[in-house]
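Worksheet for the structure shown next.
On a predicted model such as this, the values are computed, not experimentally measured, just so you know.
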Amino acid sequence: MRIRPVTSDELPVLQDIERAAGAPFRDLGMAAVADDEPPTLEALEHYRRAGRAWAARDGDGPPVAYLICEPVDGALHIEQVSVHPDAARRGVGRALLAHAADRAREEGLAGLTLTTFTEVPWNAPYYARLGFRTLEEAELTPGLRKIRAHEAELGLDRWPRLCMRRD
């Protein structure tokens with residue numbers, strides 16, 4: 001698996017990955033998440049231009065997974081990491097997160113943060129296995145509070161969510 005910066009012509013592929021990765025949420029009674037539109041091409045281009053969008057490719061084929069992120073309060077915040085179901089359970093997400101951790105270290109950032117669903121097996125329990133810990137309310141930085149407030153506005157709080165961090 002090769003991880004490298006996303007190219008502009010791959011942005012629609014990232015949207016396809018996001019749609020496919022969202023489909024399993026339907027089986028958990030989370031149809032609204034499954035039906036949620038992926039990030040716009042403009043949003044993905046913003047991350048790409050900032051050097052904050054990486055894709056995982058299997059050989060010379062198209063991307064099978066991607067990660068977008070941005071610095072938030074001294075940590076690299078994982079905005080989205082998505083793996084196409086055809087490439088699931090092969091360590092692709094783990095590799096993308098390791099790549100992001102390497103970039104965070106290079107930039108002098110203190111760790112990785114993310115927000116996620118608590119009861120989705122491939123969300124909080126998965127991240128905990130990768131060394132992320134749940135942040136208590138008092139540990140949330142202003143930037144993380146702003147992200148959580150935006151998620152609540154989008155209706156994502158219909159299901160339990162939390163913030164996690166890996167130093």
Item to check | For the student: nearest non-hydrogen atoms of P12 and L41, plus distance | outcome: N-CD2, 3.8 Å

Next on the checklist: On a heavy-atom basis, which atom in A104 and which in G111 lie closest, and how many Å separate them?
Outcome noted: CB-O, 4.2 Å

Checklist entry - Which pair of heavy atoms, one from V120 and one from M30, lies closest together, and at what distance? => result CG2-SD, 3.8 Å

Checklist entry - Listed by chain and number, what are the salt bridge (Lys or Arg N to Asp or Glu O under 4.0 Å) partners of R90, not counting sequence neighbours? => result D58

Next on the checklist: Set out, in order, the CA-CA distance, both residues' side-chain angles and the distance that settles salt bridge (charged side-chain N to carboxylate O under 4.0 Å, His left out) for E151 and K146, then state yes or no.
Outcome noted: CA-CA 9 Å; E151 291 174 348; K146 184 177 176 181; over 6 Å; no

Checklist entry - So, for R145 and A138, which heavy atoms are closest and what is the spacing to 0.1 Å? => result NH2-CA, 4.2 Å

Checklist outcome for this item: Interatomic distance, CG@L144 vs CE@M164, rounded to 0.5 Å, equals 12.5 Å

Checklist entry - Okay, side chain of R48, backbone of L11: is any donor-acceptor separation there less than 3.5 Å? => result no

Item to check | Spacing of SG belonging to C163 relative to CG belonging to L140, to within rounding of 0.5 Å | outcome: 4.5 Å

Next on the checklist: Assess the residue pair T116 and L162 against the criterion (side chain to side chain contact (heavy atoms under 4.5 Å, CB included)); give the C-alpha distance rounded to whole Å, side-chain angles, the decisive distance to 0.1 Å, and a yes or no.
Outcome noted: CA-CA 6 Å; T116 192; L162 52 78; 3.9 Å; yes

Checklist entry - Given L76, which of L114, T113, L112 fulfils the side-chain contact (heavy atoms from CB on, under 4.5 Å) condition? => result L112

Next on the checklist: What I'd like to find out is whether the side chain of I17 reaches to under 4.5 Å of the side chain of P63, using heavy atoms alone.
Outcome noted: yes

Item to check | ring pair (Phe, Tyr, Trp, His ring centres under 6.0 Å) between W122 and F25, intermediate numbers included | outcome: CA-CA 10 Å; W122 59 90; F25 283 91; 5.2 Å; yes

Checklist entry - Taking the six-membered ring of F117 as reference, does the NZ or CZ atom of R161 fall below 6.0 Å from its centre and within a 45° cone about the axis? => result yes

Checklist entry - Do V6 and L44 have side-chain heavy atoms sitting under 4.5 Å apart? => result no

Checklist entry - Mind checking whether W54 and V13 sit in one hydrophobic cluster, side chains of I, L, V, M, F, W, Y counted as touching below 4.5 Å? => result no

Next on the checklist: Applying side chain to side chain contact (heavy atoms under 4.5 Å, CB included) to V81 and Y127, what does each step give before you reach the verdict?
Outcome noted: CA-CA 11 Å; V81 59; Y127 296 121; 3.2 Å; yes

Next on the checklist: Run L97 and I78 through side chain to side chain contact (heavy atoms under 4.5 Å, CB included) and show every step you take.
Outcome noted: CA-CA 8 Å; L97 288 164; I78 308 302; 4.0 Å; yes

Item to check | Any donor-acceptor N/O pair, H84 side chain to D86 backbone, under 3.5 Å | outcome: yes

N/O donor-acceptor pairs under 3.5 Å from side chains in residues 152-160, not counting sequence neighbours:
{"residue": "D157", "atom": "OD1", "partner": "R148", "partner atom": "NH1", "Å": "3.0"}
{"residue": "D157", "atom": "OD1", "partner": "R148", "partner atom": "NH2", "Å": "3.2"}
{"residue": "R158", "atom": "NE", "partner": "G155", "partner atom": "O", "Å": "2.9"}

Item to check | Y47 vs C69, side chain to side chain contact (heavy atoms under 4.5 Å, CB included): CA-CA, chis, key distance, verdict | outcome: CA-CA 7 Å; Y47 287 103; C69 57; 5.9 Å; no

Item to check | Gap separating the CD1 atom of I147 from the CD atom of E70, nearest 0.5 angstrom | outcome: 6.0 Å

Checklist entry - Is R49 atom CZ crowded by more than 12 heavy atoms from other residues, nucleotides or ligands, each under 6.0 Å away? => result yes

Item to check | Atom pair CZ/CD1 of R52 and I68 - distance to nearest 0.5 Å | outcome: 12.0 Å

Checklist entry - Does R166 use its side chain to pair, donor to acceptor, with the backbone of L130 at less than 3.5 Å? => result yes

Item to check | Nearest heavy atoms of S82 and A21, plus distance in Å | outcome: CB-CB, 4.1 Å

Checklist entry - Is the closest side-chain heavy-atom distance between P121 and L28 below 4.5 Å? => result yes

Item to check | Distance, nearest 0.5 Å, that separates CZ of R133 from CZ of R165 | outcome: 7.0 Å

Checklist entry - Picking from E10, Q15, E18, what satisfies side-chain hydrogen bond (donor to acceptor under 3.5 Å, both in side chains) with Y66? => result E18

Checklist entry - Which value, rounded to the nearest 0.5 Å, describes the distance between L67 atom CG and R103 atom CZ? => result 11.5 Å

Item to check | D73 versus G143, closest heavy-atom pair with distance | outcome: OD2-N, 2.5 Å

